[in-house]
Visitor: 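Quick one: the structure is below, and I'll ask about it shortly.
Quick note on labels: first sequence line is chain A, next is B, and so on, each numbered from 1.
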Protein chains: 2
Amino acid sequence: MAVRLEKNPAVSKQALRRMPAYLLYLEALNPTTVVSISATTIANELGLNEVQVRKDLAAASLSGGRPRTGFKVKELIRDIKSYLGYDDVYNAVIIGTGKLGQALLSYQGFAEYGLDIVAAFDTNPELIGQQFNRKPVYPPEKMPEICRSLKIQIGIITVPAEYAQDACDHLTESGIQAIWNFAPVLLTAPPEIIVQNENMAISLAILSQHLSVKLKKQH
Amino acid sequence: MAVRLEKNPAVSKQALRRMPAYLLYLEALNPTTVVSISATTIANELGLNEVQVRKDLAAASLSGGRPRTGFKVKELIRDIKSYLGYDDVYNAVIIGTGKLGQALLSYQGFAEYGLDIVAAFDTNPELIGQQFNRKPVYPPEKMPEICRSLKIQIGIITVPAEYAQDACDHLTESGIQAIWNFAPVLLTAPPEIIVQNENMAISLAILSQHLSVKLKKQH
DNA sequence: TTATAATCAGTAAATTAATATCGATATTTA
DNA sequence: TAAATATCGATATTAATTTACTGATTATAA
Ligand SMILES: NC(=O)c1ccc[n+]([C@@H]2O[C@H](COP(=O)([O-])OP(=O)(O)OC[C@H]3O[C@@H](n4cnc5c(N)ncnc54)[C@H](O)[C@@H]3O)[C@@H](O)[C@H]2O)c1
Ligand SMILES: NC(=O)c1ccc[n+]([C@@H]2O[C@H](COP(=O)([O-])OP(=O)(O)OC[C@H]3O[C@@H](n4cnc5c(N)ncnc54)[C@H](O)[C@@H]3O)[C@@H](O)[C@H]2O)c1
């Protein structure tokens, strides 16, 4: 057998970013017809280098693959999810129940990733007391009390840019551990708070750059 | 003067991802009080290495910085925007005018990045004919006609996952150049079509991983 | 049963990215 | 006006990531 000496090799940041794509690909396979899959096949399908895929999978997979057949699809899905921390369920609240906040509140898909959005906050009196996807909207004053009693770990910021730092401070004081920020602002937070920005400008910048190159070529 | 031999050094993918953060930082400065800024200052504020920042800025800046004072803030903002292609205005349509689609349609911020969303599509008869942020919703059958007449370059996919490939095919046939995909699906598109995924799972995976490490430490 | 081929895991090499160092050059200050 | 210093651009070094290579292993087919 191809024995795995090193059980879980170094965590690469780039590999971490590729994992969700593997997961999407694997979950789209028909589990009754495709039981095993090789790194080679995945690499070809996703347009990646096969050694890279094999290394990435080795980092996440507990049991490893076997020569000639590859990895058990079901096991691999389970292992990648566990590797990404989707097994651990975290409680979250949303600050800013506007267009984007409501979309996120209503989205069912986050459960898949272990994110449980349990409540929302807003300053708008018309929103307070309403429910979206059975999740209640509270006034911001209630944040410390609710975050502590519901053991909230993650705060999701979807307020207008000018209020985002405020929301961040408020969340920090409410004892949360991490912030997922959708506002186009660089937040200042204590070092122990994890801040992850969902910056659509990055995506757009990459798209825009590629497009600009492409259109210049066509000329 | 510190002459710049190499006018615009190699484009690094990682640098491209950092550019929007520089832009956010620079735009938050008060232009009347802060006229020039050094790479050192930016690096300290953003928690990055100063040489890295200097290299990144050198790649985007046309005129370069000067010893002792640094870069002119206004010029630098202009140069980074141009480097990222935010100057070129692209027309876009949204496929799927649900919660997320409506949020994106209503968002004013994209104009800043040169993205002009001009119309939306949906299969839901109740949505067809409505307007969001003055942008009309059409039935998908009109896609080829509208995309060609309005010279649409970008299609934004916000339909449920199971219809995303359909939407992608439809957009491709309608002559668009690039797709910005929000559905959790790996799309198959002709090689000449640029596909950029906005995969919130990546963000969440990184957050989840950090959080898991952090909470284990606290234990 | 034995040869063949696909695939794995591990190691080595190459590429890319990040950081350190150095001489040049403006601005500030003595 | 001269010295001190912050900052630049460039080059060198180090680290991270990707890609290539090698030998072992297992399913398949001769
Ligand atoms: N809509 C999008 O597609 C989109 C895309 C990218 C980024 N963003 C960013 O997400 C944020 C929200 O965007 P949106 O379109 O949902 O805006 P929105 O105006 O629809 O919603 C903002 C909500 O925040 C509430 N709010 C304001 N101050 C608050 C406070 N201090 N505490 C709690 N709630 C407060 C408002 O009452 C409102 O309901 C913005 O920062 C925006 O830049 C939005
Ligand atoms: N809502 C979120 O916060 C969120 C977050 C991440 C990803 N996403 C993804 O974005 C997509 C949209 O999410 P949503 O919450 O807005 O869903 P939604 O159900 O609110 O909206 C989907 C819309 O697409 C329309 N539609 C269905 N088939 C169509 C077709 N063939 N052509 C045109 N329109 C069609 C529907 O009528 C509906 O209006 C999904 O793929 C979802 O996984 C959503």
Visitor: Using whole Å, report how far CD of A/Q52 lies from C1' of C/dC8.
Guide: 17 Å

Visitor: Return the value, rounded to whole Å, for the distance between atom CG of B/L48 and atom P of C/dA17.
Guide: 16 Å

Visitor: Measure CD1/A/I42 against C1'/C/dA6 and give the value in whole Å, please.
Guide: 15 Å

Visitor: Using whole Å, report how far NZ of B/K72 lies from P of D/dT7.
Guide: 16 Å

Visitor: Please pick, from C/dT7, D/dA27, C/dT27, the nucleotide with the shortest atom-to-atom distance to any side-chain atom of B/T69.
Guide: C/dT27

Visitor: Yes or no on salt bridge (charged side-chain N to carboxylate O under 4.0 Å, His left out) for A/K214 and B/E192, after CA distance, side-chain angles and deciding distance?
Guide: CA-CA 9 Å; A/K214 181 187 174 188; B/E192 69 272 17; over 6 Å; no

Visitor: How close or far is atom C1' of C/dA14 from atom NZ of A/K55, stated in whole angstroms?
Guide: 13 Å

Visitor: Test salt bridge (charged side-chain N to carboxylate O under 4.0 Å, His left out) on A/E50 and A/K55 and set out the steps.
Guide: CA-CA 9 Å; A/E50 64 163 307; A/K55 283 194 117 184; over 6 Å; no

Visitor: Once you round it to whole Å, what is the distance between C1' of C/dC8 and CG of A/L76?
Guide: 14 Å

Visitor: Nearest whole angstrom, please: distance from the P of C/dA18 to the CZ of B/R18.
Guide: 4 Å

Visitor: Using a cut-off of less than 4.0 Å, is there contact between a side-chain N or O of A/R54 and OP1 or OP2 of C/dC8?
Guide: yes

Visitor: Assign A/A15 to base, sugar-phosphate, or nothing according to its heavy-atom contacts below 4.0 angstrom with the strands shown.
Guide: nothing

Visitor: Can A/D166 and A/H170 be said to form a side-chain contact (heavy atoms from CB on, under 4.5 Å), step by step?
Guide: CA-CA 6 Å; A/D166 247 29; A/H170 212 161; over 6 Å; no

Visitor: To the side chain of B/P67, which of D/dC21, C/dT25, C/dT19 is closest?
Guide: C/dT25

Visitor: Tell me: NZ of B/K13 to C1' of C/dA17, nearest whole Å?
Guide: 12 Å

Visitor: Given the side-chain rings of A/F110 and A/W180, with only the six-membered ring counted for Trp, is the space between their centroids under 6.0 Å?
Guide: yes

Visitor: So which nucleotide from C/dC8, D/dC21, D/dT7 ends up closest to the side chain of A/T40?
Guide: C/dC8

Visitor: Going by modelled atom types, is there a donor-acceptor pair between the base of C/dT27 and the side chain of B/R68 at under 3.5 Å?
Guide: yes

Visitor: Closer to the 5' end of DNA chain D via nearest nucleotide, is it B/V51 or A/N49?
Guide: B/V51

Visitor: Does C/dC8 have OP1 or OP2 under 4.0 Å away from a side-chain N or O of A/R66?
Guide: no

Visitor: Verify whether one side chain among A/D116 and A/Y90 offers a donor that lies under 3.5 Å from an acceptor in the other.
Guide: no

